[in-house]
Amino acid sequence: MKKTVLTGIKPTGQIHLGNYIGAIKPALELAKAADYQPAYFIADYHGLTKIHDQNELKQLSYGVAATWLALGLDPSKVIFYRQSDIPEIFELTWILSCFSSKGLMNRAHAYKALVDQNNELERDNDYGVNMGTFTYPILMAADILMLQADIVPVGKDQIQHIEIARDIAEVFNHQYGQTLKLPEYKVQQHTAILPGLDGRKMSKSYHNTIPLFIHPNKLQKLINKIKTDSLPPEAPKNSTTSSLFTLYKEFATPLEVESMRESYQTGVSWGEVKAELFHVLNRFLEEPREKYKELIASPHKLDEILLQGAENARSIATPFLKELKRKIGFSQN
Ligand code: TRP
């Protein structure tokens with residue numbers, strides 16, 4: 001039996017280089033392994049915890065879908081779908097809610113961070129927290145447990161959510177016998193921290209990202225904004241602590257990386273490094289950028305692909321949910 005590898009991306013912002021290196025690229029590589037069945041999806045109902053503008057949510061969801069496809073996802077091999085097209089996930093979310101202690105949710109990092117922020121600003125603990133945000137980990141557990149995922153590739157910040165999914169599954173299994181499969185997480189260690197424009201981790205919340213599919217002129221401008229120190233061109237530079245080098249390494253050939261490492265040792269101007277970084281990045285992005293443009297201009301095509309994927313996902317979800325409901329004591333004739 002093939003192992004199921006499952007991951008989701010929330011449509012809450014433009015996909016950036018950090019998303020690509022940290023999540024999409026490793027997931028696409030895993031998808032090539034013959035012994036894995038990948039299931040990758042757009043977590044649009046998770047997006048709804050934050051995005052309440054109809055048009056924005058729709059465009060961001062199409063954006064995530066077009067990004068995966070433009071970067072090489074093959075929908076004939078990957079179960080590729082939109083969470084909101086699988087109603088079984090929401091039935092399961094309720095079931096799981098009844099096996100999730102409220103305390104477990106209170107301890108979830110994302111919620112705790114909001115509470116801490118409210119405390120700091122001397123507001124009510126739960127100011128601005130909707131129930132979707134509070135129970136976010138249960139919906140995520142349903143995503144994972146519904147498709148009986150074995151492996152979930154995620155960023156470090158999501159590890160706790162996988163642990164919560166395991167906890168909930170164990171409570172359920174304890175009551176009804178071995179039913180829900182406990183997932184393992186897989187964190188891409190070496191690529192976990194792609195630096196952003198300011199040198200901190202590239203992340204939407206820091207507003208320091210380089211979006212993947214922007215106009216080359218804009219790409220160039222953003223690269224020029226990447227923070228460097230003020231060493232003169234002739235001074236030897238440290239490649240291991242350089243954001244530019246870290247980014248370059250991900251997109252350049254091994255030969256190019258070696259030659260850049262040497263340039264750092266012998267002295268090179270930051271301007272030259274930036275020009276080289278633009279060159280390798282743009283070389284990589286050129287083709288997917290065109291594909292992305294095409295796809296985003298044909299939402300019907302995207303819908304068609306995603307609905308086919310939803311059908312595939314439901315061929316697993318529908319019978320499995322039936323089995324769960326039978327175990328719980330609902331009549332499923
Ligand atoms: N919470 C994840 C994130 O913000 C997105 C997500 C939703 C997800 N459901 C999932 C990831 C299931 C892996 C598996 O990145």
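Here the structure is a predicted model, which means the values were calculated and not measured. Just follow the structure's listing: the first ligand is 1, and inside any ligand the first atom is 1.
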> Any nitrogen or oxygen of Q158, main chain or side chain, under 3.5 Å from a nitrogen or oxygen of ligand 1?
Replying inline: yes

> Short N/O distance, under 3.5 Å, between Y136 and ligand 1?
Replying inline: yes

>> Give me each pair satisfying side-chain hydrogen bond (donor to acceptor under 3.5 Å, both in side chains) with a member in residues 19-35, each pair once, sequence neighbours excluded.
In response: H16-N19

With heavy-atom distances below 4.0 Å as the criterion, list the atoms of ligand 1 near [X].
X: T7; result: 11 (C), 13 (C)
X: A43; result: 7 (C)
X: V152; result: 13 (C), 14 (C)
X: H46; result: 7 (C), 9 (N)

> At their closest point, which heavy atom of I328 faces which heavy atom of Y176, and how far apart are they?
Replying inline: CA-CE2, 3.8 Å

> Got the closest protein heavy atom to atom 5 (C) of ligand 1, with its distance?
Replying inline: G8 O, 3.5 Å

> To which protein heavy atom is atom 9 (N) of ligand 1 closest, and what is the distance rounded to 0.1 Å?
Replying inline: D143 OD2, 2.7 Å

> Can the ring centroids of Y45 and F90 be said to lie less than 6.0 angstrom from one another?
Replying inline: yes

> When you look at E290 and K293, which way does the salt bridge (Lys or Arg N to Asp or Glu O under 4.0 Å) test go after all the steps?
Replying inline: CA-CA 5 Å; E290 286 312 305; K293 265 199 227 157; 3.3 Å; yes

> Quick one: does NZ or CZ of R289 land under 6.0 Å from the six-membered ring centre of F213, within 45 degrees of the ring axis?
Replying inline: no

> Can a cation-pi geometry be assigned to K237 and W270, taking NZ or CZ under 6.0 Å from the six-membered ring centre and within 45° of the ring axis?
Replying inline: yes

> Hey, what's the ring geometry for F284 with F251, parallel, tilted or perpendicular (30° and 60° as the breaks)?
Replying inline: tilted

> For ligand 1, is any non-hydrogen atom under 4.0 Å from F41's backbone (N, CA, C, O), its side chain (CB onward), both, or neither?
Replying inline: side chain

